[in-house]
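Sequential numbering from 1 along the given sequence is applied to the chain's residues. Atoms within a ligand are numbered from 1 in the order they appear, just like the ligands themselves. Because only heavy atoms are used, hydrogens play no part in the values below, and waters and symmetry mates are left out as well, while side chains stay in.
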Amino acid sequence: MDRILILAGGYSNEREISLITAKSVIHELKKNKKYKLLLIEPDGSFVKKLRKFKPKLVLNLLHGRYGEDGYIQSVLESEKVKYSHSGVLSSSLAIDKELSKKIFIKNNILTPSYIKFSFKNNIDIKNTIKKIDKNLKFPVVLKPINEGSSVGVYICNKKNFIRCLMKLEKFKDILIEKYIPGREIQAAILGKKKLGIIELKPKRKFYDYKAKYSASAKTEHIIPVNLSSRNFNKINSIAMKAHRLLKCRGVSRSDFRFYKNKFYLLELNTQPGMTSLSLVPEIARYKNISFIQLIEEIMRDATINK
Ligand SMILES: Nc1ncnc2c1ncn2[C@@H]1O[C@H](COP(=O)(O)OP(=O)(O)O)[C@@H](O)[C@H]1O
Ligand SMILES: [Mg+2]
(Lines give C-alpha, C1' and ligand atoms only; values in the text may rest on other atoms or scores of the structure.)
(Ligands and ions follow the chains in the order given, each with its own letter.)
Protein backbone atom coordinates (compact mmCIF):
# COMPACT_ATOMS: atom_id res chain seq x y z
CA MET A 1 0.00 0.00 0.00
CA ASP A 2 1.34 3.43 -0.94
CA ARG A 3 1.32 5.88 1.91
CA ILE A 4 0.02 9.24 0.69
CA LEU A 5 -0.04 12.27 2.92
CA ILE A 6 -2.63 14.80 1.82
CA LEU A 7 -1.97 18.40 2.76
CA ALA A 8 -5.03 20.65 2.86
CA GLY A 9 -6.64 23.56 4.68
CA GLY A 10 -3.96 26.01 5.69
CA TYR A 11 -4.02 29.70 6.40
CA SER A 12 -4.93 31.44 3.15
CA ASN A 13 -8.21 32.95 2.00
CA GLU A 14 -8.67 29.78 -0.01
CA ARG A 15 -8.63 27.46 2.99
CA GLU A 16 -12.22 26.28 2.48
CA ILE A 17 -11.60 25.58 -1.22
CA SER A 18 -8.56 23.50 -0.33
CA LEU A 19 -10.61 21.44 2.14
CA ILE A 20 -13.34 20.86 -0.45
CA THR A 21 -10.67 19.80 -2.94
CA ALA A 22 -9.19 17.37 -0.37
CA LYS A 23 -12.61 15.89 0.32
CA SER A 24 -13.25 15.12 -3.33
CA VAL A 25 -9.72 13.78 -3.87
CA ILE A 26 -9.92 11.52 -0.80
CA HIS A 27 -13.34 10.28 -1.89
CA GLU A 28 -11.84 9.20 -5.21
CA LEU A 29 -8.60 7.74 -3.87
CA LYS A 30 -10.46 5.69 -1.27
CA LYS A 31 -12.28 3.81 -4.04
CA ASN A 32 -8.91 2.49 -5.03
CA LYS A 33 -7.80 0.34 -2.15
CA LYS A 34 -4.09 0.66 -2.88
CA TYR A 35 -3.50 3.78 -0.82
CA LYS A 36 -3.06 4.47 2.85
CA LEU A 37 -4.15 8.08 3.23
CA LEU A 38 -3.56 10.65 5.93
CA LEU A 39 -5.06 14.13 5.70
CA ILE A 40 -3.27 16.80 7.66
CA GLU A 41 -3.16 20.57 7.96
CA PRO A 42 0.15 22.43 7.67
CA ASP A 43 0.05 23.45 11.33
CA GLY A 44 2.69 23.36 14.07
CA SER A 45 2.61 19.58 14.39
CA PHE A 46 2.75 18.96 10.65
CA VAL A 47 6.45 18.04 10.42
CA LYS A 48 6.16 15.68 13.39
CA LYS A 49 3.20 13.91 11.78
CA LEU A 50 4.98 13.76 8.43
CA ARG A 51 8.05 12.12 9.95
CA LYS A 52 5.89 9.60 11.78
CA PHE A 53 3.75 8.69 8.76
CA LYS A 54 6.73 8.44 6.36
CA PRO A 55 4.73 8.92 3.17
CA LYS A 56 5.84 7.81 -0.26
CA LEU A 57 4.46 11.12 -1.47
CA VAL A 58 2.87 14.31 -0.19
CA LEU A 59 -0.11 15.36 -2.25
CA ASN A 60 -0.19 19.11 -1.84
CA LEU A 61 -3.76 20.37 -2.16
CA LEU A 62 -3.18 23.73 -0.52
CA HIS A 63 -3.98 27.01 -2.21
CA GLY A 64 -2.68 30.53 -1.79
CA ARG A 65 -0.31 31.94 0.79
CA TYR A 66 1.96 29.36 2.52
CA GLY A 67 0.65 26.53 0.36
CA GLU A 68 1.16 27.74 -3.18
CA ASP A 69 3.95 30.26 -2.70
CA GLY A 70 7.06 28.17 -2.07
CA TYR A 71 6.78 28.24 1.72
CA ILE A 72 5.42 24.73 2.31
CA GLN A 73 7.46 23.48 -0.63
CA SER A 74 10.67 24.53 1.10
CA VAL A 75 9.61 22.74 4.29
CA LEU A 76 8.95 19.61 2.22
CA GLU A 77 12.32 19.99 0.49
CA SER A 78 14.11 20.14 3.81
CA GLU A 79 12.24 17.01 4.91
CA LYS A 80 13.52 15.33 1.73
CA VAL A 81 10.08 14.01 0.85
CA LYS A 82 8.57 13.88 -2.62
CA TYR A 83 5.61 16.16 -3.15
CA SER A 84 3.18 16.96 -5.92
CA HIS A 85 2.94 20.10 -8.08
CA SER A 86 5.54 22.81 -8.51
CA GLY A 87 8.68 23.32 -6.43
CA VAL A 88 9.93 26.26 -4.38
CA LEU A 89 11.07 28.61 -7.13
CA SER A 90 8.15 28.09 -9.53
CA SER A 91 5.61 28.45 -6.76
CA SER A 92 7.13 31.70 -5.48
CA LEU A 93 7.35 33.15 -8.97
CA ALA A 94 3.87 32.14 -10.09
CA ILE A 95 2.09 33.39 -6.96
CA ASP A 96 3.65 36.81 -7.46
CA LYS A 97 1.59 38.38 -10.22
CA GLU A 98 4.10 41.18 -10.69
CA LEU A 99 7.23 38.99 -10.98
CA SER A 100 5.54 36.47 -13.22
CA LYS A 101 4.21 39.25 -15.47
CA LYS A 102 7.75 40.60 -15.77
CA ILE A 103 8.93 37.16 -16.90
CA PHE A 104 6.04 36.88 -19.36
CA ILE A 105 6.76 40.32 -20.82
CA LYS A 106 10.48 39.57 -21.16
CA ASN A 107 9.60 36.47 -23.12
CA ASN A 108 7.05 38.04 -25.44
CA ILE A 109 3.97 36.65 -23.75
CA LEU A 110 1.22 39.23 -23.89
CA THR A 111 -0.21 40.22 -20.50
CA PRO A 112 -2.38 43.25 -19.61
CA SER A 113 -0.35 46.45 -19.07
CA TYR A 114 -0.15 47.47 -15.45
CA ILE A 115 1.06 49.88 -12.83
CA LYS A 116 2.24 48.74 -9.43
CA PHE A 117 0.66 50.66 -6.59
CA SER A 118 2.08 50.65 -3.07
CA PHE A 119 0.24 51.79 0.05
CA LYS A 120 3.60 51.83 1.85
CA ASN A 121 4.80 55.04 0.26
CA ASN A 122 3.12 58.41 0.41
CA ILE A 123 0.19 57.67 -1.79
CA ASP A 124 -0.58 60.11 -4.52
CA ILE A 125 -3.99 59.21 -5.88
CA LYS A 126 -4.25 62.20 -8.20
CA ASN A 127 -1.00 61.28 -9.90
CA THR A 128 -2.01 57.61 -10.09
CA ILE A 129 -5.25 58.56 -11.84
CA LYS A 130 -3.22 60.69 -14.24
CA LYS A 131 -0.93 57.73 -14.97
CA ILE A 132 -3.92 55.47 -15.54
CA ASP A 133 -5.47 57.98 -17.95
CA LYS A 134 -2.20 58.18 -19.84
CA ASN A 135 -0.98 54.57 -19.84
CA LEU A 136 -3.91 52.25 -19.19
CA LYS A 137 -7.22 54.08 -19.49
CA PHE A 138 -10.24 53.26 -17.37
CA PRO A 139 -11.77 50.82 -16.56
CA VAL A 140 -8.95 49.09 -14.71
CA VAL A 141 -8.65 45.95 -12.63
CA LEU A 142 -7.22 46.24 -9.13
CA LYS A 143 -5.73 43.10 -7.65
CA PRO A 144 -3.45 42.05 -4.83
CA ILE A 145 -0.06 40.77 -5.98
CA ASN A 146 -0.27 37.38 -4.34
CA GLU A 147 -3.80 36.26 -3.63
CA GLY A 148 -6.02 33.88 -5.60
CA SER A 149 -9.65 32.91 -6.17
CA SER A 150 -10.40 36.51 -7.23
CA VAL A 151 -10.03 37.64 -3.61
CA GLY A 152 -9.53 41.40 -3.66
CA VAL A 153 -10.01 41.69 -7.44
CA TYR A 154 -12.06 44.76 -8.44
CA ILE A 155 -12.98 46.13 -11.82
CA CYS A 156 -13.39 49.88 -11.49
CA ASN A 157 -13.92 53.02 -13.43
CA LYS A 158 -12.70 56.51 -12.68
CA LYS A 159 -15.76 57.31 -10.60
CA ASN A 160 -15.40 54.50 -8.09
CA PHE A 161 -11.61 54.16 -8.32
CA ILE A 162 -10.75 55.63 -4.91
CA ARG A 163 -13.48 53.59 -3.20
CA CYS A 164 -12.11 50.41 -4.84
CA LEU A 165 -8.53 51.31 -4.02
CA MET A 166 -9.27 51.75 -0.33
CA LYS A 167 -10.74 48.26 -0.18
CA LEU A 168 -7.28 46.91 -1.00
CA GLU A 169 -5.32 48.90 1.55
CA LYS A 170 -4.56 45.83 3.69
CA PHE A 171 -2.67 44.19 0.82
CA LYS A 172 0.09 46.88 0.87
CA ASP A 173 1.19 46.33 -2.75
CA ILE A 174 -1.30 45.88 -5.56
CA LEU A 175 -1.44 45.85 -9.35
CA ILE A 176 -3.58 48.19 -11.38
CA GLU A 177 -4.15 46.45 -14.70
CA LYS A 178 -5.70 47.53 -17.93
CA TYR A 179 -9.14 45.94 -18.20
CA ILE A 180 -9.25 43.51 -21.12
CA PRO A 181 -12.79 42.94 -22.40
CA GLY A 182 -13.63 39.87 -24.45
CA ARG A 183 -13.66 36.21 -23.53
CA GLU A 184 -12.24 34.28 -20.56
CA ILE A 185 -10.34 31.10 -21.49
CA GLN A 186 -8.11 28.93 -19.34
CA ALA A 187 -5.55 26.34 -20.39
CA ALA A 188 -4.18 23.40 -18.41
CA ILE A 189 -0.80 21.72 -18.68
CA LEU A 190 -0.06 18.35 -17.12
CA GLY A 191 3.57 17.29 -17.05
CA LYS A 192 4.83 17.66 -20.59
CA LYS A 193 1.35 17.56 -22.13
CA LYS A 194 -1.14 20.19 -23.15
CA LEU A 195 -4.28 19.03 -21.40
CA GLY A 196 -6.71 21.39 -23.10
CA ILE A 197 -8.77 24.53 -22.61
CA ILE A 198 -12.09 25.72 -21.24
CA GLU A 199 -14.08 28.92 -21.68
CA LEU A 200 -15.98 30.57 -18.86
CA LYS A 201 -19.02 32.75 -19.21
CA PRO A 202 -19.83 34.16 -15.79
CA LYS A 203 -23.38 35.44 -15.27
CA ARG A 204 -21.92 37.79 -12.70
CA LYS A 205 -19.98 40.94 -13.59
CA PHE A 206 -16.77 38.93 -13.87
CA TYR A 207 -15.27 35.59 -12.78
CA ASP A 208 -15.23 36.52 -9.09
CA TYR A 209 -15.17 34.29 -6.00
CA LYS A 210 -18.90 33.49 -6.20
CA ALA A 211 -18.77 32.82 -9.93
CA LYS A 212 -15.92 30.39 -9.25
CA TYR A 213 -17.29 28.38 -6.38
CA SER A 214 -21.04 28.70 -6.09
CA ALA A 215 -23.08 26.45 -8.36
CA SER A 216 -26.00 28.87 -8.09
CA ALA A 217 -23.91 31.69 -9.60
CA LYS A 218 -24.15 29.61 -12.76
CA THR A 219 -20.93 30.39 -14.56
CA GLU A 220 -21.22 28.64 -17.87
CA HIS A 221 -18.32 26.26 -18.62
CA ILE A 222 -17.79 25.70 -22.32
CA ILE A 223 -15.88 22.74 -23.82
CA PRO A 224 -14.99 22.49 -26.61
CA VAL A 225 -14.10 26.15 -26.91
CA ASN A 226 -15.13 27.77 -30.16
CA LEU A 227 -11.73 28.84 -31.54
CA SER A 228 -9.95 28.40 -34.85
CA SER A 229 -7.40 25.60 -34.78
CA ARG A 230 -4.68 28.23 -35.12
CA ASN A 231 -5.86 30.03 -31.99
CA PHE A 232 -6.42 26.72 -30.21
CA ASN A 233 -2.77 25.82 -30.82
CA LYS A 234 -1.67 29.30 -29.90
CA ILE A 235 -3.28 29.42 -26.46
CA ASN A 236 -2.01 25.92 -25.65
CA SER A 237 1.49 26.90 -26.72
CA ILE A 238 1.48 30.07 -24.62
CA ALA A 239 0.33 28.05 -21.60
CA MET A 240 3.12 25.54 -22.21
CA LYS A 241 5.66 28.32 -22.65
CA ALA A 242 4.60 29.96 -19.38
CA HIS A 243 4.65 26.58 -17.60
CA ARG A 244 8.21 25.97 -18.82
CA LEU A 245 9.44 29.53 -18.19
CA LEU A 246 8.38 29.31 -14.57
CA LYS A 247 9.77 25.75 -14.43
CA CYS A 248 6.49 24.31 -13.22
CA ARG A 249 5.97 20.65 -12.42
CA GLY A 250 2.85 18.51 -12.58
CA VAL A 251 -0.29 20.45 -13.34
CA SER A 252 -0.70 24.18 -13.95
CA ARG A 253 -3.57 26.32 -15.19
CA SER A 254 -3.09 29.58 -17.04
CA ASP A 255 -5.87 32.18 -17.07
CA PHE A 256 -6.34 34.22 -20.23
CA ARG A 257 -8.51 36.95 -21.69
CA PHE A 258 -9.08 36.68 -25.43
CA TYR A 259 -9.77 39.98 -27.15
CA LYS A 260 -9.45 41.08 -30.78
CA ASN A 261 -7.76 37.83 -31.73
CA LYS A 262 -5.12 38.18 -29.03
CA PHE A 263 -4.55 36.17 -25.86
CA TYR A 264 -3.61 38.07 -22.71
CA LEU A 265 -2.15 35.92 -19.96
CA LEU A 266 -3.49 37.06 -16.58
CA GLU A 267 -1.68 34.56 -14.40
CA LEU A 268 -0.49 30.99 -14.03
CA ASN A 269 -1.75 28.87 -11.13
CA THR A 270 0.56 26.17 -9.78
CA GLN A 271 -2.08 24.66 -7.46
CA PRO A 272 -5.28 24.81 -9.53
CA GLY A 273 -8.52 23.81 -7.83
CA MET A 274 -9.72 20.22 -7.85
CA THR A 275 -13.29 20.55 -6.56
CA SER A 276 -16.24 19.17 -8.47
CA LEU A 277 -16.73 22.61 -10.06
CA SER A 278 -13.05 23.04 -10.85
CA LEU A 279 -11.73 23.53 -14.31
CA VAL A 280 -8.71 21.24 -14.62
CA PRO A 281 -10.77 18.10 -13.79
CA GLU A 282 -13.34 19.24 -16.35
CA ILE A 283 -10.70 19.83 -19.02
CA ALA A 284 -9.28 16.36 -18.26
CA ARG A 285 -12.72 14.73 -18.42
CA TYR A 286 -13.19 16.08 -21.92
CA LYS A 287 -9.99 14.23 -22.84
CA ASN A 288 -11.44 11.05 -21.30
CA ILE A 289 -9.18 11.36 -18.29
CA SER A 290 -11.25 10.63 -15.20
CA PHE A 291 -10.76 12.49 -11.92
CA ILE A 292 -8.93 9.54 -10.35
CA GLN A 293 -6.72 9.16 -13.41
CA LEU A 294 -5.88 12.85 -13.23
CA ILE A 295 -4.90 12.64 -9.56
CA GLU A 296 -2.89 9.48 -10.13
CA GLU A 297 -1.11 11.16 -13.05
CA ILE A 298 -0.25 14.15 -10.84
CA MET A 299 1.09 11.75 -8.20
CA ARG A 300 3.02 9.71 -10.75
CA ASP A 301 4.59 12.86 -12.16
CA ALA A 302 5.65 13.88 -8.66
CA THR A 303 7.38 10.57 -8.00
CA ILE A 304 9.34 10.56 -11.27
CA ASN A 305 10.19 14.27 -11.65
CA LYS A 306 12.14 15.95 -8.98
N1 LIG B 1 -6.91 42.68 -16.74
C2 LIG B 1 -8.10 42.07 -16.64
N3 LIG B 1 -9.06 42.30 -17.56
C4 LIG B 1 -10.27 41.70 -17.47
N5 LIG B 1 -10.62 40.86 -16.47
C6 LIG B 1 -9.70 40.59 -15.52
C7 LIG B 1 -8.40 41.16 -15.56
N8 LIG B 1 -7.71 40.71 -14.50
C9 LIG B 1 -8.54 39.89 -13.83
N10 LIG B 1 -9.75 39.81 -14.43
C11 LIG B 1 -10.89 39.00 -13.98
O12 LIG B 1 -10.69 38.64 -12.61
C13 LIG B 1 -10.50 37.22 -12.47
C14 LIG B 1 -9.42 36.92 -11.44
O15 LIG B 1 -8.20 37.50 -11.82
P16 LIG B 1 -6.82 36.72 -11.82
O17 LIG B 1 -5.76 37.66 -12.28
O18 LIG B 1 -6.94 35.43 -12.56
O19 LIG B 1 -6.56 36.48 -10.25
P20 LIG B 1 -6.91 35.27 -9.26
O21 LIG B 1 -5.58 34.81 -8.78
O22 LIG B 1 -7.70 35.89 -8.17
O23 LIG B 1 -7.65 34.21 -10.04
C24 LIG B 1 -10.15 36.73 -13.86
O25 LIG B 1 -10.50 35.37 -14.04
C26 LIG B 1 -10.95 37.68 -14.75
O27 LIG B 1 -12.31 37.30 -14.84
MG1 LIG C 1 -7.19 33.42 -11.91
Side-chain angles (χ1 to χ4, degrees), residues 12-18 62-65 67-69 91-102 104-105 109-117 132 135-157 161 164 167-168 171 173-189 197-213 217 219-222 235 238-239 242-243 246 251-260 262-275 277-280 283:
S12 77
N13 286 321
E14 296 163 281
R15 173 187 167 76
E16 293 308 317
I17 306 306
S18 165
L62 295 165
H63 298 302
R65 200 93 51 90
E68 190 169 356
D69 61 357
S91 306
S92 346
L93 286 174
I95 196 98
D96 189 309
K97 292 196 170 87
E98 189 199 10
L99 277 180
S100 49
K101 272 168 90 79
K102 283 186 173 164
F104 300 152
I105 293 164
I109 293 178
L110 194 60
T111 179
S113 319
Y114 72 100
I115 299 171
K116 183 179 172 181
F117 183 87
I132 292 173
N135 302 320
L136 307 178
K137 306 254 184 303
F138 283 96
V140 287
V141 181
L142 306 189
K143 58 175 84 166
I145 287 182
N146 50 15
E147 288 295 328
S149 285
S150 300
V151 172
V153 176
Y154 294 94
I155 299 175
C156 38
N157 49 40
F161 176 70
C164 280
K167 286 187 187 159
L168 279 98
F171 293 110
D173 290 325
I174 63 160
L175 296 185
I176 303 175
E177 261 185 17
K178 187 178 175 70
Y179 174 77
I180 310 293
R183 295 160 67 184
E184 175 114 5
I185 307 177
Q186 307 194 342
I189 300 292
I197 60 172
I198 189 164
E199 178 166 3
L200 305 156
K201 275 199 188 148
K203 295 265 180 308
R204 298 172 61 78
K205 190 176 162 203
F206 75 107
Y207 196 41
D208 63 2
Y209 190 89
K210 267 212 175 123
K212 281 179 179 172
Y213 301 118
T219 291
E220 206 184 324
H221 294 190
I222 305 163
I235 184 172
I238 304 171
H243 182 97
L246 300 186
V251 71
S252 76
R253 198 198 71 227
S254 290
D255 299 350
F256 292 89
R257 302 288 298 179
F258 181 55
Y259 181 60
K260 291 195 172 163
K262 281 190 182 136
F263 294 102
Y264 294 80
L265 179 54
L266 296 179
E267 59 151 355
L268 178 149
N269 301 282
T270 51
Q271 298 277 140
M274 291 281 183
T275 71
L277 285 182
S278 295
L279 307 164
V280 174
I283 292 171

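- When OE2 of E267 and OD2 of D255 are joined through the Mg ion (ligand 2), the resulting angle is 90° to the nearest 10°.
- Heavy-atom contacts of K97 reach the following atoms of ligand 1: 17 (O), 19 (O), 20 (P), 21 (O) (cutoff under 4.0 Å).
- Within a 6.0 Å sphere centred on NZ of K203, other residues, nucleotides and ligands contribute more than 12 heavy atoms.
- Against a heavy-atom cut-off of under 4.0 Å, V153 is close to the following atoms of ligand 1: 12 (O), 22 (O).
- Taking only nitrogen or oxygen atoms, main chain and side chain alike, I180 reaches within less than 3.5 Å of ligand 1.
- Geometrically, ligand 1 and E177 share a nitrogen or oxygen pair separated by less than 3.5 Å.
- Considering backbone and side-chain atoms together, Y179 places no N or O closer than 3.5 Å to any N or O of ligand 1.
- Listed by number with element, the atoms of ligand 1 under 4.0 angstrom from any heavy atom of P112 are 1 (N).
- Residue K178 touches ligand 1 through its backbone alone, judged by heavy-atom distances below 4.0 Å.
- Of the candidates E184, K101, E14, E184 brings a heavy atom nearest to atom 26 (C) of ligand 1.
- Between Q186 and ligand 1, no N or O atom pair is found at a separation short of 3.5 Å.
- If you check each of R253, K143, E68 against atom 17 (O) of ligand 1, the one with the closest non-hydrogen atom is K143.
- Pairing each heavy atom of Y259 with each of Y264, the nearest pair is O-CE1, 4.1 Å.
- Within the listing of ligand 1, atoms 18 (O) sit less than 4.0 angstrom from a heavy atom of D255.
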